[in-house]
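A quick note: this is a predicted structure, and the numbers were derived from the prediction, not measured. To find a chain, count down the sequence lines: A is the first, B the second, and so on, and within it residues start at 1.
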Amino acid sequence: MTSRKILNFTFSLSFSIIVVVGIFSYTHIKDLIKSYDKVSHTFKIITELNKTHHYLTAAENNLKEYLIFNNNIEEPFYKNIQKLDNSFTRLKALTENDSTHQQKLKELNILIPKLLVFYNKTLKSLKEGELNPTKFNLAFIKNKKIEAIRYEISNIIRYEEKILNFQKEKSYNGLINTPIIIYVILIITLIIVLYTYFRTSKNLKKLESKNESLEIFKTASDQAEIACKHGNWSLFLDDLRYEFSDNLYRLLGEKPQSFAPTSENFMAFVHPKDLKKLRKQIKMMLVAKNLPPVYYRIIKKNGEISHFKTFGKIITNKYGGTKILGTTRDITEEIDHYKLLEERNRTLERKNKELNSFNHVASHDLQEPLRKIQTFISRLEDKETDNLSEKGLQYLLKIKNSATRMRALINDLLHFSKVTKPKEVLELTDMNIALEKANKELEELITEKQAIITADKIPIITAIPFQVEQLFINLISNSLKYSKDDTVPNISISYSKVKAINYSKIKNPKFKYYHKLTFKDNGIGFNKAYAEKIFALFNRLHSRGEYSGTGIGLSICKKIVDNHQGYIFAEGEVNKGATFEIFFPKIKN
Amino acid sequence: MQEKEIYILLADDDEDDRLFFTDALDELKIKTKVKTFNDGVALMNYLNDKSNLLPSILFLDLNMPKKSGVECLSEIKKDDYFKDIAIAIYSTSASEADIEDTFVLGANIYIKKPNDYKKLKKTLSNIVTINWQYDTSNLNKDNFLLRL
């Protein structure tokens, strides 16, 4: 249940309890008043009855006094009779609506006038002196009316007392329960009030902390807007009203909320050439309820031009209101960076092209004169050896060697520039055929050195065929070149499919599996310290006198393996041999 | 030995290469008649003159001023008049692109200029003695580039 529902529930519960308590108390008190009225009514009746009895007795005593003391009691006697009459009239009035009382008073109503007649007669007789005490007493004793009246009165009083008792009992029950009920109700109300209080204060606390985090969030968002150079805006679709965030104003070079957030006010900043485009997009946004990214320029008041990117998304809130929430970003810097990067890329491409053509031209055009030098040398050797002195022959040999070396360099450079060319197409390559071709290329050297080359069967690998061939040629010729003079060169080529994670040497592998080719020889090897250095361009571990080499061969190998997103590692031990491990990525087709 | 001399043309802008070429042919024990041209335009003028005798073999350098070897090759191959001439490309470089282009255009063989005079002689000897009438039948890309 949500806190609002709980609040509503407790409110209506307390409300109904209070209403019930009110109604209950009202009827209860009304009952009490009624019962009080009844009691006082009964008391009045009893009082009047007693009074009636009293005046009756008083009148009787007056008569007795007259008899005994012969005092003139006429005046008090009539007064008492009058009072008796009054009292009885009141009594009748009091019991007017009560049939039981009326019934009971009926008897008295007959008896009392009769008694009064008797009293008057007695008084008359006394006045005339006809009555002596004996006669008087006899008359009173004979007259049963007094006794009857007394009896009736006490009867009625008893009846009233019974009513009084019943009433007392009834109101007593009501009275004794009233405080308990009121107390219980008060306690319940108190509990509800307390519960509501704690609940409300808890919710208030929650609300406060939420408010606080919202405040923090707003500040953070403001700061983020400033840092990321973007501003937010909302378009309320119900009344087409806009709201701009502070930073949107800042992006326009204005103070926050310094002008009304309307479409027209914003458009005033937009570059005239982009105005039409942006208007069209906004119009489409109102129809499509969506704003795909739109790019445009704005002109700040100081004349500065910024590039903006704006996009928006429709949002429907809980209460059914819909608005488009948009983000506008100042992408001037990005565009500048992009332009700079593009420029640099172009320069780099141009330089690369120049370098490539330079490489190509250098290698090709250098070959031309070199070939002639070599041809002339061969003609000298062929025809003019007899005419040369021994020194001359020596010089000729040195020229020949230098020319040969130059050719090797040019050839290697050509190869290197060939494998540097980007965008070679990868295709399914039969490695066994590539190896065969490489062996054929090196046939002369292999035969000369009587080398033994053994190879595992290698599967078909996605690669650039001519580069793989070049790689094999370079690795095998490298092993042949650095073979030991007194040992038959033995080169073994083994294959296995491996998982990248099993080789810590493979840094940040892009692929899960690799084809691993291992070229192992029994040549002169090399110092472990040079394991990485040997792949560097023009890096040679040996002087030219010992071993011929251009220092390009292994660089080409590295380049080729890099082109395949593979890895090449060298391991060696002086006088034991060298091992080259090549990892080709296993590309799923 | 052949009785009839073989008529050979060479179009090459390099004077030294023309010298090596004629010297090497002279030293062969095959009877040949050689005529050389400095550029493609001179070669085509000569060929297009119907009064001139057509050669058996034409050695064509690719890199020439005025008209390149490739241009000459395509012109020659377009004209049925020259269908009996065997064409050997004779170039310093042996780039994949050049080999591909000239093969497609219909050259018979591609020779990379050797850097050894003895090799040059051997190469020319091989080329000149091929019976081109028979050999064009098994023309394919694998043996297009001459290997020695």
Side-chain angles (χ1 to χ4, degrees), chain A residues 356-357 359-385 396-397 399-411 413-421 423-425 433 436-437 440-444 464-467 469-470, chain B residues 10-29 36 38-39 59 61-65 68-70 89-102 110-125 141-148:
Chain A
N356 262 337
S357 61
N359 227 336
H360 187 82
V361 167
S363 325
H364 276 88
D365 292 0
L366 277 173
Q367 283 204 69
E368 187 98 13
L370 181 62
R371 184 174 48 77
K372 275 185 206 160
I373 291 168
Q374 285 186 306
T375 314
F376 278 119
I377 291 166
S378 67
R379 291 196 81 173
L380 273 178
E381 270 186 322
D382 203 25
K383 294 259 169 75
E384 308 294 331
T385 39
L396 188 64
L397 187 69
I399 295 169
K400 192 185 167 187
N401 285 344
S402 289
T404 309
R405 184 168 159 64
M406 180 117 182
R407 173 153 302 276
L409 266 168
I410 290 171
N411 277 339
L413 268 178
L414 248 171
H415 283 137
F416 189 75
S417 75
K418 243 187 212 168
V419 299
T420 323
K421 251 189 241 163
K423 284 178 196 161
E424 285 290 349
V425 186
I433 291 175
E436 228 170 79
K437 279 188 179 172
K440 208 170 177 188
E441 185 78 31
L442 297 167
E443 210 173 6
E444 215 176 306
I464 306 159
F466 90 87
Q467 291 196 1
E469 204 182 306
Q470 186 69 51
Chain B
L10 167 71
D12 195 331
D13 63 318
D14 192 299
E15 198 194 333
D16 294 331
D17 277 332
R18 288 200 304 271
L19 182 67
F20 292 148
F21 190 83
T22 49
D23 281 358
L25 279 179
D26 277 349
E27 285 173 26
L28 291 180
K29 286 170 187 152
T36 61
N38 291 350
D39 60 68
F59 286 83
D61 185 19
L62 291 180
N63 238 334
M64 284 189 292
S68 76
V70 173
I89 304 299
Y90 186 62
S91 175
T92 312
S93 83
S95 80
E96 292 287 330
D98 286 344
I99 293 170
E100 179 80 27
D101 287 352
T102 52
Y110 196 109
I111 303 154
K112 193 175 178 241
K113 287 176 186 172
N115 49 21
D116 186 291
Y117 190 66
K118 276 184 197 154
K119 264 190 194 165
L120 175 63
K121 283 209 288 194
K122 201 179 163 200
T123 305
L124 290 181
S125 162
K141 214 191 156 198
D142 282 340
N143 57 27
F144 179 60
L145 179 66
L146 181 79
R147 288 178 200 273
L148 284 174

A:Lys372 versus B:Asp17: any side-chain heavy-atom pair under 4.5 Å? yes
So with a 6.0 Å cut-off around CG of B:Asn63, is the heavy-atom count from everything else above 12? no
Can you see which heavy atom on B:Asp116 is nearest to which on A:Thr375, and at what distance? N-OG1, 4.2 Å
B:Glu27 and A:Arg379: which non-hydrogen atoms are nearest, and at how many Å? OE2-NH2, 3.9 Å
Okay, B:Asp14 and chain A: the region with an atom under 4.5 Å from a heavy atom over there is side chain
What part of A:Lys383 is in contact with chain B, defined as an atom under 4.5 angstrom from a non-hydrogen atom: side chain, backbone, both or neither? side chain
Please test A:Gln367 against B:Lys112 for side chain to side chain contact (heavy atoms under 4.5 Å, CB included), starting from the C-alpha separation and ending with a verdict. CA-CA 11 Å; A:Gln367 283 204 69; B:Lys112 193 175 178 241; 3.8 Å; yes
Of all heavy-atom pairs linking B:Lys118 and A:Asp382, the shortest is CE-OD1, 3.7 Å
Main-chain N/O of B:Tyr117 paired with A:Ser378 side-chain donor or acceptor, under 3.5 Å: yes
Modelled atom types, side-chain donor and acceptor of B:Thr92 and A:Glu368, under 3.5 Å: yes
